[in-house]
Structure formats: structure tokens, C-alpha cells
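Everything below concerns the one structure shown next.
Heavy-atom basis, side chains included; hydrogens, waters and symmetry copies ignored.
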Number of protein chains: 2
Amino acid sequence: MPVRPKVVILGGGFAGLRVLKDLDKDLYEVHLVDRNNYHSFPPLFYQVASSGLDPTDISFPFRRRLRQKRMKDARFHLGEVKSVDMYRRTVITDNETIGFDILVIAMGTTNNFFGNPDLVDKVYTLKSTGEAIRLRNEVLYRCERAAIEKDPVKRKKMLTFAVIGGGPAGVEVAGAMGELKRYVISRDFPELSPLDITIHLIEGSDRLLRTMSIAASQTALADLGKLMVNITLNRTMKSYDGNVITLDDGTTIECGLVTWTAGVKAVPFDITGIDNPDTLFGHGGRIITDDRCRVKGLEGVFAIGDIGIFESDSYPHGLPQLAQVAIQAGAYAAQCLNSKSWTKPFSYKDKGSMATIGRNKAVADIKGTHLSGFTAWLAWMFIHLISLLGMRSKLTVLLNWTWAYFTYNTALRLLLKGSKYPLRGDLDDNG
Amino acid sequence: MPVRPKVVILGGGFAGLRVLKDLDKDLYEVHLVDRNNYHSFPPLFYQVASSGLDPTDISFPFRRRLRQKRMKDARFHLGEVKSVDMYRRTVITDNETIGFDILVIAMGTTNNFFGNPDLVDKVYTLKSTGEAIRLRNEVLYRCERAAIEKDPVKRKKMLTFAVIGGGPAGVEVAGAMGELKRYVISRDFPELSPLDITIHLIEGSDRLLRTMSIAASQTALADLGKLMVNITLNRTMKSYDGNVITLDDGTTIECGLVTWTAGVKAVPFDITGIDNPDTLFGHGGRIITDDRCRVKGLEGVFAIGDIGIFESDSYPHGLPQLAQVAIQAGAYAAQCLNSKSWTKPFSYKDKGSMATIGRNKAVADIKGTHLSGFTAWLAWMFIHLISLLGMRSKLTVLLNWTWAYFTYNTALRLLLKGSKYPLRGDLDDNG
């Protein structure tokens, strides 16, 4: 093959993986950089946290992907991106320095504690499988400890779980906790009563799932109510000291375990070798691009998926940070690189959005129509199953879901050794 | 139900779980104590280490077991046994104190470094799923780092793996590493050549698998040779400083990763409230019992499985530390407790032993006859599949094995976040 321009893709999420797939390997030498050696599936992290699935069920090794057809000599690099040197046109990771001709930044987002850095040591999060396993272990460990706790007050506090943020992630994890309370505890823990468990969901706006339809919000509210989740709207968490949550209206809640889903920011990294790099970053640390996903002010650099942002008439605050947007942007960026003549700006086709609350309970907005209940739940499962990478994952997830549905068992209720206690020490900023 | 004597079972391994199953719950109030909340399956730990299986595939939550039939009101306690107070007749764990009328000690074994305590921080082990995942991550991480290492000498050292101990565990993990070298590297790591990987297996005696037949030893030796494993017999590791292994004859081997399978000892705990408790412990810290599995000198205390030892004519050094012995001893102890009239001493029926070296390669000694190759390998898979607890585990393991067999892929080659670096910090002595 002739010497080809070297494209380096930072991040193997939905956006980066789609670029990797679509790029013409005869035109470009392609390199993928990720801090994990596998692609993971964030929409199902909450199911890992609630023992429904295993990390491996929703993860796919990049190197296996690179062996598949149309990948030619594409290469994978394990490493955490520290900085991009625009003068030397190199990426510096914790493992190596990689030169590039064209750069595609697709590293996504991480947790945002909005200037509450100390929260990081006190709350649980869901932005990686590691964080999900950590939450799973903590919930299971608290149930085991509560089972031998004689003092009812201490027991109740051990089992008071709060979820901050009423977006899809918050609704889904609160729903999963509700199912733990409703289906699991009474059967697995004869020492406990479902009433020993209290679940709070706290949302800052006036409705849950505010990116979805009013109908979806109302269904979610009702369904979570059926699962005995206490929902507080129009309130934000002002502080949490590890024992007591203080809301913005001064209300306090004694709470042993807080799951934070209330904010994300772009995965941080440095850009060097240019003047005022700060001007490249916009709201939430996202990288500002034009409507063709090209980073403003940088030559041959794209930013796509959750980490990129550009304003358009239909989306004055940028596109929503969704898997669908990332996938479509990935395909778009690849198309721009594959055919120089391609100049149509990127436009996002909304295929609808959905969230699941629990067994037979989900909501979906698809092109104006709102689905709920069993239908939406089936649709949700189907969409996520076919979106999973790899036949093996599809099979094991289907097996686990079917199993759980008919036995009311989540098969994987394991407190994994080596992570019996919070993994925080092992987790970096990005999870 | 009338007030029943309280039986406390320490350890939910093969022995303890069998006692739990067979004990008559109308006669006894039964409590199980384990440091994990799940039963695990040590014969397959090496497959977790080699990315063939997931911890959850070979683990089964105790609380689900306790919900099954004939379990009545049996209870589970999560906790690590610190000591047994024979005066108060209580067990002290890191979580609570539990009284007992009858005690069944079945905590098994842990790694034995034979007075080389510093080894614990330098070598990898295989006595728990946590340790297996730690080894898996280290192997994968070394391959990734080697893939970007330009210096061939450094690269070769990164990928020199030594396995100490030629018993079943050592042979199986060395075989799995051989398959990594033979099948995986060339396809997953175009940056590497199989020749970059060196695997050493070091055994102190004059043959591998010395508890099995000569034929089995010879087959294992030949099969590992085919997988390009360098085997050294009649040598023990005198020291390892993290970089260089020194053997007892002074030979040195530069080696980045050492897996230690060369010794076990009984899981340590204290016995208090009696005079000279030391006299209760025999070779390798095992608890001395009579031929009815009753701890000598203690009233109403049994010790079964790997942690118990008694001498008999056929086994002057005690029974071998095998799953079969543990299961049979568990059934025996339950029978003794269920029928007071039961006075027949425990006798072990040898059902044969087997080990697997790799794809289509295994050895089995069954009642004098020796099987090898594909037949033994199928037999090995069948026996282990039916021995797994839970239909779901059987299904997922079968799925993973079938998948791996036809695709030559081990599906789970994931470097799990939160354990990218050695988990040692999270692991206790017992792994």
C-alpha cells in the first residue's frame, strides 16, 4: 500500500468505534487509542451495578474487533491520553507518544461534581464498568452487614440509598434498587424486611427524564412509585459528608450510600503547542467544532460524540450527549475523511430515546409517539441487544435477561473478592 | 420446630457445602460462614486467569443456595473467621460473634510460601477468583505494554512468564499460557511474535503431576512441549527478587511474571479457651482428626476437606487435598450428625483424577486406566460441567467453551478497570 496519512482515534466508544469501522483503510493508516483494552456499553452499566449483567457481557476487546474484516492493518494502543501536542502533532499517553496526521477526538465524558471535588471520595458513580462493580459490591456488602445488625436504626441507615439526578442513568439505577427492595431482599435475606430499605431519587428540575416527553416523565414517576422509590423534584444536593445529605432547601437526609448521576463533563486532557488552547474548550469542557465536526482553529482535528460541541439552529446548546449522536457523528467524520468532496454539514437524525425503570416497565419516545410498560420494555431490550457488539455478548446478555425474567433472580449477585471494599483506590478520574 | 442444636459450618467450599446440603434441618439449626458471599470452583480458577471464563461463571451465591429445597431456615453469615473460642463455644469473624453447639471446620487451604513471606508481594497466585483476575490482568497488561516496546530485550523480559510447581494447577496454567503464545498472540497482537513469549514451568520432583500415573506425567510433559513450554524438573525456586528467579542449583532466570502454585497450607485461624491449642494442628497447619473427622481433643467439632487430616493405613500422610475427598468427607460428617448410630469410619473412594493441558489435551487416571488426548479432554470438560453448581453456570460455561473451541477465541480477554494493576492491595492472605 502507498504511504497513507495516519489517522489517530482517541477513544473507542460509540463515536470512535464507528470511525474505526467506516474509515477507508486503503486511504488511511488507522490507530485507535483507549484507556481500556475493550469497548464497553454505557447504557447497561446500571445493570452491572444491579447484578443483572457482568462487565464482560457488555464489553468487547478492541483487538478482536481489529481482526475482523475491513480492518486491514489498523492498530490498537492501550493508554490514557494526557495531552495533544499540536506543534509536533503527537498524542502523549501514559504509555507512549504517537504521531498523527489527522486526529479524531472521541473520548467522551466523565463525572462532573461541579466544584465539589471532595464528593469523589464519598459518592458512587456509574461512568465505567469499574464504577458499576464498585457500586454493586457496596450494595451487596451493606445488605450482608445489615443482615447481622441488631440495632434497627443502624440497620435502616445502612440500607438508605440515595440517587442524585433524575436522568436516564438515575432513573434506571433507582429502578434497579427498587427491584432489589421489592423482589430480592425478602427472598435472599430472611434476616431483613423490604421496609428496612429506603431509596431516594433527587432531581433538580421539575420532572424526571427531562430530555424526554412529559408522558415519559409521568410514567417514570408512577413506575418508580410502584417500586417504593421516594422521589424529590426541584431539589439539588448541596453537600454530602458521607453520612448526611443536605439539599438546597436545607432538608437533610441520613444516607449511607449516594449514587451520583447528576452531571458529566468532557474527559479532560491538555492541548499544547498553540496559543490560548483554552479557547478551544466550551461548556462542560467540551471541544468546540464547526458544523462539520472539525475543531475550530486546529488543522485536521475532529471532535465527535459527547466530547464535541457545535451550535445549530435546532440545537442552540449543542447536540444531546447520546449514543445515537455519537454513532452518527462517527459515521459522518469517516465519510468526510473518505471522500474529500463531502461537504454536507453534520445533521443528527433523532431515532428517539428510551429508558427502563424495571421489570416490564420502560418508557420510549419514538418520532412523537410515546410507548410505555411491557411494549416499551421489550423494545428497549431488543434495541440494546442488537446494539451490543459481538454475537457472544448478545447470547450471554439474552441468557441472563431471560434467566432473570423467569426466575426473578439476577444471576450474578457476587461480591467479587479484591473489590469487597470500594475500589476507589484503583479508579482514576475517568472511572 | 423444637429447639435444635446449632451447627455452624466454617467455609462454603466443596466440603462445607455438602454438609450444608445433607444435614437434616429438622434435627439441626444450620449456619454457614464464608468470607465470600458465593461458592466458587477452584478447579477452574486457571481458566479465569487465562480469560476463558468469568468469575461469575464458576461462582454461585450462597443465599440463592439457601433458598433451594431442604434448606429450611439455614442461615448465611458473611465474614472471615478470626478465631474459635472453645470455652464460650463461639466463632469470632471480622463482622460478628456466632455461638455454636456443633462446629464443622471446612475452610480449606491458602498459598504457602514456605517461610518466604516476601514472595507474597512478588508472585501471582491462583487460590481465589480475585487472584485469578489479578493474574489475567497482569498477563494482558504485559502483552499491551510489550506491543509498544521498541527494545526487543525489554520486550522479551516483559513476556517471560514462569510457573512454579508442576501439580495440576501449575500444569494447567502453564498450558493456558502456552495456548496464549500459540493461538492468541499472533492473531491479537500483530506487533508481537509468539517467539517474544517465553514460558517456564519449574517442578521440584522428577515428574509433573506426581500425584497421578507415570503415563499421565509423560503425556503432560509431551503436550506442554508441543505448546513450547520450557520445563525444568528436580529444581525448586530458592528466591525471586521481582526480576530474577534463582533456582536451588544457582541457575538464574530473568522473569517478569512468576505464578506460584508450589504449595498450600491450611487457612490459619486461632483456637482459644483450651490448653495448648497448638497440639491440634498438624503438618501444613491442618487440623488433626480421628478417622471419623472429629477434631482430636475437642467436643463436637469436625474438620473436613483440605483443612483436616488423619492418618490411615492406606494414606499414612493423610488423604490427598482434592475436591472428591472434600465432598465425600462432607457427606460423611453430615451422616454422622444425622444418625447418632453411624459409627463407620470415613473411607475415601478414589474416583480418579484428571488435569487438562490445553485444547484437545488432557490426562485422566480412572481406576487404573489412563486416558489422554481428546477423550480425556472431553471427559474432563464433562465432569467439570456437571460438577458446577447451578444450571446458569453450566450453560454459560458450556457457551464459553464451545465458543472458544470453534473460534479459537477466549471471549473474555478484558483488562478490567479497577484492577488494571495488581490487586494485591485488596487481597488478604487467603486471597
Note to self: Distance check, rounded to the nearest 0.5 Å: B/Asn37 atom CG versus A/Asp188 atom CG?
What the structure shows: 9.5 Å
Next item on the list: Against chain A, work out which of B/Gly390, B/Pro190, B/Ser40, B/Ser393 has the most heavy-atom pairs shorter than 4.5 Å and name it.
Entry: B/Pro190
Item checked: A/Phe62 versus chain B, the contacting section by heavy-atom distance below 4.5 Å -> neither
Note to self: For A/Arg145 and B/Leu78: C-alpha separation, side-chain torsions, deciding distance, then whether side-chain contact (heavy atoms from CB on, under 4.5 Å) applies.
What the structure shows: CA-CA 8 Å; A/Arg145 293 290 287 103; B/Leu78 181 73; 6.0 Å; no
Item checked: For the student: nearest non-hydrogen atoms of B/Arg67 and A/Arg187, plus distance -> CD-O, 3.1 Å
Notebook entry, point to check: Do the charged groups of A/Lys150 and B/Glu96 touch, with an N to O distance under 4.0 Å?
Noted result: no
Note to self: Does any backbone or side-chain atom of B/Leu399 lie under 4.5 Å from a heavy atom of chain A? Answer side chain, backbone, both or neither.
What the structure shows: side chain
Check: In terms of heavy-atom pairs under 4.5 Å, which option from A/Ile148, A/Thr396, A/Leu395 contacts chain B the most?
Finding: A/Ile148
Next item on the list: Of all the heavy-atom pairs spanning B/Arg63 and A/Phe189, show the shortest one and how long it is.
Entry: NE-CE2, 3.0 Å
